[in-house]
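Heads up: numbering here begins at 1 and tracks the sequence. Whatever order the structure lists them in is the order used to number ligands and atoms, beginning at 1.
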Amino acid sequence: MKSVPSFTPLSVPCIQGNEWEYVRECLDTNWVSSVGSYVDRFERMMVECVGTRYAVATVNGTAALHVALLVAGVEPDDEVLTSTLTFIASANAVRYAGAWPVFIDAEPDHWQMDPNLVEEFLKNQCEWRNRRLVNRETGRRVSAIMPVHILGHPVDMAPIIELARQYELEVIEDAAEALGAKHEGKPVGSLGDLACFSFNGNKIITTGGGGMIVTDDEKLAERARYLTTQAKDDPDEYVHHEIGYNYRLPNVLAALGCAQLESLPEYVYVKRQIADQYARAFQDLPGIEMMRQSPNALCTFWLSTIQVDDTALGMDSRQLGECLKAAGIGNRPLWQPMHASRAHRGCTALIRGVADRLFRDCLSLPSSVDLSEEAVNHVAQKVIETGIETNRRAVA
Ligand SMILES: *Cc1c(COP(=O)(O)O)cnc(C)c1O
């Protein structure tokens, strides 16, 4: 048996392809900054990968979300439905646009935005006033839905798109964690009016920091490109009609992105193998359940995540996390749901206790693409030993 490293990190980038070559070319040719052939090439590769007509590279995923909301027509004091169980960047981006999030709880099976609660909110809490959909309680216009595909698993988009059509809402997918995932055979990112990706260091592919807006709509793409490049209105003269942003991705980072994207199919394959190995290892262990893929989805298992039943296991998720850390195994809890975050206090929220429970019970396990089968086995065995050990102590 191969030896396993003394510390197994949660998730680290895998640099194994053409990264050095492409970055070296940028450095050798001095094309390092916000214009350059790799930015165009990275955008073209994303278009091909996601299947939308346009892609606009940005400096990170949060900036992509901010601009996507703006070009979708979200205005100050509007409301935007989004997942309560997400990384805070989703909700923050809504506030950057001056709008307010409406937090929707997760469904218990795959932990994604619950379409039933979206319907409940739109049907029961909203009404049309002067052809504007308004939240009856706050009096604010409801203009968009931003479902977040968390942990590499797609949201059940079909009913959400149907509702968006019915209520005339724009759909912006936060696909930051789900590049490579599919819903009913279609790539995540091609399902809404706009979608955003992140290439932060811990995502499935990375540019160090980076993001992308994708869309089929030429006008939206053009406007996104305009707003992310300081809203410059003349090719030569420095003339601006609007306030824009410095949100463009530097060429040297796009070069990294091109090389990383070439490896995406392999990374998705490996992440799914890792998840499969965990699922098999835990299938007979009471108290631990691996996240599950929906029958209409292809999940990338960006982070393999388990749900701990503390009564059955004899310890809760945080205690297990501590034990694993002591054994040199990186892990982390899910995000505090946004409706409970002090940063987003007071927003409308449709909550049934699911996200709160998942926050309490879930733990993400090492999921790096370069993890060997032995290393995954080592992690799984540590989890199992820890569980059995606690149960034995409880019985004795
Ligand atoms: C990572 C992430 C973002 C933000 O992306 P950055 O590139 O870090 O700005 C947004 N939403 C979700 C769900 C994320 O996981």
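Near Asn60, the atoms of ligand 1 lying under 4.0 angstrom from a non-hydrogen atom of the residue are 7 (O), 9 (O). Within ligand 1, the atoms closer than 4.0 Å to a non-hydrogen atom of Val148 are 13 (C), numbered from 1 in the order shown. Each of the atoms 7 (O) of ligand 1 lies under 4.0 Å from some heavy atom of Gly210. Every atom of ligand 1 with a heavy atom of Ala176 under 4.0 Å away is listed here by number and element: 2 (C), 3 (C), 10 (C), 11 (N), 12 (C), 14 (C). Residue Gly61 approaches ligand 1 through these ligand atoms, each under 4.0 Å from one of its heavy atoms: 5 (O), 6 (P), 7 (O), 9 (O). Listed by number with element, the atoms of ligand 1 under 4.0 angstrom from any heavy atom of Ser90 are 11 (N), 13 (C).
Panel note: side chain Gln260, backbone Cys14; a donor-acceptor pair is recorded below 3.5 Å. Glu177 contributes a side-chain N or O that, together with a main-chain N or O of Leu151, makes up a donor-acceptor pair within less than 3.5 Å.
With respect to Glu385 and Lys382, a salt bridge is recorded, a charged nitrogen being found less than 4.0 Å from a carboxylate O. Between Arg141 and Asp78 a salt bridge is recorded (basic side-chain N to carboxylate O distance below 4.0 Å). Salt bridge status for Arg280 with Asp276: present, with a side-chain N to carboxylate O gap under 4.0 Å.
Residue contacts with ligand 1: Ala89 is placed with no nitrogen or oxygen under 3.5 Å of a nitrogen or oxygen of the ligand (distance criterion only). For ligand 1, the polar-atom distance check finds no N/O of Trp302 at less than 3.5 Å from any of the ligand's N/O atoms. Remark: ligand 1 and Glu177 share an N or O pair separated by less than 3.5 Å (distance only, no angle test).
Distance from atom 11 (N) of ligand 1 to its nearest protein heavy atom, with residue and atom name: Asp174 OD2, 2.8 Å. The nearest heavy-atom contact from the protein to atom 1 (C) of ligand 1 is Lys203 NZ, 1.7 Å. For atom 4 (C) of ligand 1, the closest heavy atom belonging to the protein is Thr62 OG1, 3.5 Å.
The shortest distance between side-chain heavy atoms of Glu222 and Tyr226 does not fall below 4.5 Å. Between Val67 and Ile213, the closest side-chain pair of non-hydrogen atoms falls below 4.5 Å.
In Thr86, the part holding a heavy atom less than 4.0 Å from any atom of ligand 1 is the side chain.
A heavy-atom separation below 4.0 Å is not found between Ala63 and ligand 1. Using a 4.0 Å heavy-atom cutoff, Gly211 is absent from the residues neighbouring ligand 1.
To the nearest 0.5 angstrom, Trp335 atom CH2 is 14.0 Å from Ser341 atom OG.
The minimum heavy-atom distance between Gly189 and Thr52, with the atom names listed, is O-CG2, 3.5 Å.
By the 30° and 60° cut-offs, the orientation of the rings of Phe199 relative to Phe42 is tilted.
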